[in-house]
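Proteins get letters first, then strands, A, B, ... in listed order; numbering begins at 1 in each.
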Protein chains: 2
Amino acid sequence: MSVAIENFVKAIYNNDKHDIKDTKPGNIAKKLGISNAAATDMAKKLAAKDLLNYEKYQALQLTEKGTKMALNVVRKHRLWEAFLFKMFDMSLHDIHREAELLEHQTSDLLAKKISEYLGHPKFDPHGDPIPNANGEITTEDTSISLSEAIEGKTYTISRLMSDDKEFFDFCAQNQIKYRNTLTVSKQFISNKMTQISIGSNTIVLNEDFTKIIYVDEN
Amino acid sequence: MSVAIENFVKAIYNNDKHDIKDTKPGNIAKKLGISNAAATDMAKKLAAKDLLNYEKYQALQLTEKGTKMALNVVRKHRLWEAFLFKMFDMSLHDIHREAELLEHQTSDLLAKKISEYLGHPKFDPHGDPIPNANGEITTEDTSISLSEAIEGKTYTISRLMSDDKEFFDFCAQNQIKYRNTLTVSKQFISNKMTQISIGSNTIVLNEDFTKIIYVDEN
DNA sequence: AATTATTTTTAAGTAAGCTTAAATATTTTA
DNA sequence: TAAAATATTTAAGCTTACTTAAAAATAATT
């Protein structure tokens, strides 16, 4: 299966899992940087391969086969992230970019070797769970987005759900990092902003960021 | 530049360097597993990009630009070989196969990181020299092929120039390994075979193998 | 509910990287 | 050196993964 197909299936998987947004061709197209027409085309092609269910004007749904493929790619991506993070001094964003390419050129054997070397990690450096070789995610996700966190409570960052350089640069400058602790000092409900204290800093984050920072209550 | 182009340029470079064979489209086509017609087509296309010189019915010659590209790919390939060899318990052939894919999806930054991690190695696990980031090979090659070695002398294996699984399996079973020592007990000139003793074994090799095993006199 | 805006789909077309078949050169060998 | 064998090139065609433009359907807004 081609890189284009792997990316398409992965985009549906990620959109489906993480975003509130639906999985109609247009949304997938936007994620992949291709035209809507190309996405519709691809959807039909993948339906013929039993990777997803396609009905005109409806959201795309991965079949079991499609989900398995997506999880295999996601596994390789997250293993590479964990591995490169451990081995080399590179920014999370750079690591993400490398993983984005390497994930498609990694045999199951090499993925297994990397996983073994790392002691079969359950999470990558963003806090994203790493599926096992059978495509199963065995860790349950109890975390909530920072936008839903409660004033006065203290949380541990469990996930940074993004692939945007700006965001990661911001995180790096503000101690926002997987497994760091923060306290929600104020939720500005009407403005959809959240004030947190982390380390010695106090930061006000808007919704763009609080929706992709996931936390677990301490 | 695409994977197809990188592989094409690399094939010319390797053919030119290692083999006695010429670099006409047919030979490159055979190496890449594509038709002669496709190779001719590609040659014209790459000539237009100033990666090689193409004249009808003549051997293909890489330009400086083409050579630089080839060396960049070769560098990444050999760095991956060295890295995977160090990190994981995998056969040389498996490592080669992974490197063959990863080489095209590796940024210059990651290559640099891998090289640094390994202490800027000069050779990969086959004994092939690793070009530096500027595409320079700073080590001179004093080795000769086993087919040219002299009876009675003792040598150190400096290079195993192949990507064939059968060959590597044979090597693994017979202690034929980069940096191992062997003695040439007999050269059967007319049969083009060579008898060596390596470890406690005595082996007779035919020309197919003695031409790709490179050695340095002790 | 009707109109407007947005999405999705269809249709036609493009570039890359191949293929096979036939024509043309070159090389080998008898 | 002429014939036979082999290689290279040209030509036509295919698939994948896109594109833009227009038509059709859905969703949003007043």
Side-chain angles (χ1 to χ4, degrees), chain A residues 1-16 19-62 65-66 69-70 73 100-101 103-105, chain B residues 1-16 19-62 65-66 69-70 73 100-101 103-105:
Chain A
M1 294 291 174
S2 69
V3 172
I5 292 177
E6 288 187 352
N7 278 331
F8 198 88
V9 159
K10 194 181 73 164
I12 297 173
Y13 177 83
N14 282 328
N15 217 46
D16 208 18
D19 296 350
I20 306 98
K21 291 173 193 166
D22 69 308
T23 56
K24 285 185 184 167
N27 268 318
I28 305 305
K30 205 181 291 170
K31 281 229 168 182
L32 295 175
I34 60 176
S35 68
N36 286 7
T40 300
D41 247 34
M42 184 61 101
K44 284 182 189 169
K45 217 175 76 181
L46 298 197
K49 287 186 197 286
D50 190 33
L51 290 168
L52 53 79
N53 298 314
Y54 172 71
E55 277 184 274
K56 273 192 186 185
Y57 303 104
Q58 303 303 306
L60 306 174
Q61 292 183 306
L62 292 179
K65 192 175 158 192
M69 177 184 283
V73 178
E100 204 70 9
L101 297 175
E103 64 187 12
H104 305 292
Q105 310 299 337
Chain B
M1 293 292 173
S2 69
V3 172
I5 292 177
E6 288 187 352
N7 278 331
F8 199 88
V9 160
K10 193 181 72 164
I12 297 174
Y13 177 83
N14 283 327
N15 217 46
D16 209 18
D19 296 350
I20 307 98
K21 292 174 194 168
D22 69 311
T23 55
K24 286 185 184 166
N27 268 317
I28 306 305
K30 205 182 291 170
K31 280 229 170 182
L32 295 175
I34 61 177
S35 69
N36 286 7
T40 300
D41 246 37
M42 184 60 102
K44 286 183 189 169
K45 217 175 75 181
L46 297 198
K49 287 185 197 288
D50 190 33
L51 290 168
L52 53 80
N53 298 315
Y54 172 72
E55 277 184 273
K56 273 193 187 183
Y57 304 105
Q58 303 302 307
L60 306 175
Q61 291 183 307
L62 292 180
K65 191 176 159 193
M69 178 185 282
V73 179
E100 205 70 10
L101 297 176
E103 63 187 13
H104 305 293
Q105 309 299 336

Boundaries of the chain A footprint along DNA chain D (any atom under 4.0 Å from a heavy atom):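 Here the contact window of chain A covers dT16(D) to dA27(D).
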Atom-to-atom span, [atom1] of [X] to [atom2] of [N] - whole angstrom:
X: Met42(B); N: dA15(C); atom1: CE; atom2: C1'; answer: 12 Å
X: Lys30(A); N: dT7(C); atom1: NZ; atom2: P; answer: 6 Å
X: Asp22(B); N: dT26(C); atom1: CG; atom2: C1'; answer: 12 Å
X: Asn27(B); N: dT27(C); atom1: CG; atom2: C1'; answer: 14 Å
X: Asp41(A); N: dA12(C); atom1: CG; atom2: C1'; answer: 12 Å

Ignoring hydrogens, what is the shortest heavy-atom contact between [X] and [Y]? Give both atom names and the distance.
X: Ala29(A); Y: Ser35(A); result: CB-O, 3.6 Å
X: Tyr54(B); Y: Lys44(B); result: CE2-CG, 3.7 Å
X: Leu60(A); Y: Ala43(A); result: CD2-CB, 3.8 Å

I'd like to know if the side chain of Thr23(B) and the backbone of Ala59(B) have a donor-acceptor N/O pair within less than 3.5 Å.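 Pair absent, no side-chain N/O of Thr23(B) close to backbone of Ala59(B).
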Tell me which of Gln58(A) and Gly33(A) sits closer to the 5' end of DNA chain D, going by the nucleotide each one is nearest to.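 Mapping each residue to its closest nucleotide by heavy atoms, the 5'-most match is Gly33(A).
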Quick check on DNA chain D: between Thr40(B) and Val3(A), whose nearest nucleotide comes earlier from the 5' end? Thr40(B)
Does anything in residues 48-57 of chain A come within less than 4.0 Å of DNA chain D? Heavy atoms only, and list the residues if so.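 The stretch gives Tyr57(A) as the residues lying under 4.0 Å from the strand, ordered by number.
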So what does Ala4(B) touch, heavy atoms closer than 4.0 Å: a base, only the sugar-phosphate, or nothing?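 The residue Ala4(B) makes sugar-phosphate contact but no base contact.
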Looking for any heavy atom pair under 4.0 Å, which part of the strands does Ala37(A) touch: base, sugar-phosphate only, or nothing? base
Which residues satisfy the side chain to side chain contact (heavy atoms under 4.5 Å, CB included) test with Leu62(A), sequence neighbours excluded?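 Partners of Leu62(A) by the side chain to side chain contact (heavy atoms under 4.5 Å, CB included) criterion, ordered by chain and then number, come out as Val9(A), Ile12(A), Tyr13(A), Leu52(A), Thr67(A), Ala70(A).
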Please check the phosphate of dT27(C) (OP1 and OP2 only) for any side-chain N or O of Lys24(B) closer than 4.0 Å. yes
Using a cut-off of strictly less than 4.0 Å, decide whether Asn36(A) has a side-chain nitrogen or oxygen near OP1 or OP2 of dT7(C).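 The answer is no; no side-chain N or O of Asn36(A) sits under 4.0 Å from OP1 or OP2.
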Working to the nearest 0.5 Å, report the span between NZ of Lys56(B) and OG1 of Thr40(B).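 These two atoms lie 10.5 Å from each other.
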Step through the shown structure and confirm whether more than 12 heavy atoms of other residues, nucleotides or ligands are within 6.0 Å of NZ on Lys49(A). no
Go through the steps to decide whether Lys10(B) and Glu100(B) satisfy the test side-chain contact (heavy atoms from CB on, under 4.5 Å), and finish with yes or no. CA-CA 11 Å; Lys10(B) 193 181 72 164; Glu100(B) 205 70 10; 2.9 Å; yes
Would you check, one step at a time, whether the test side-chain contact (heavy atoms from CB on, under 4.5 Å) holds for Met69(A) with Met1(A)? CA-CA 9 Å; Met69(A) 177 184 283; Met1(A) 294 291 174; 3.2 Å; yes
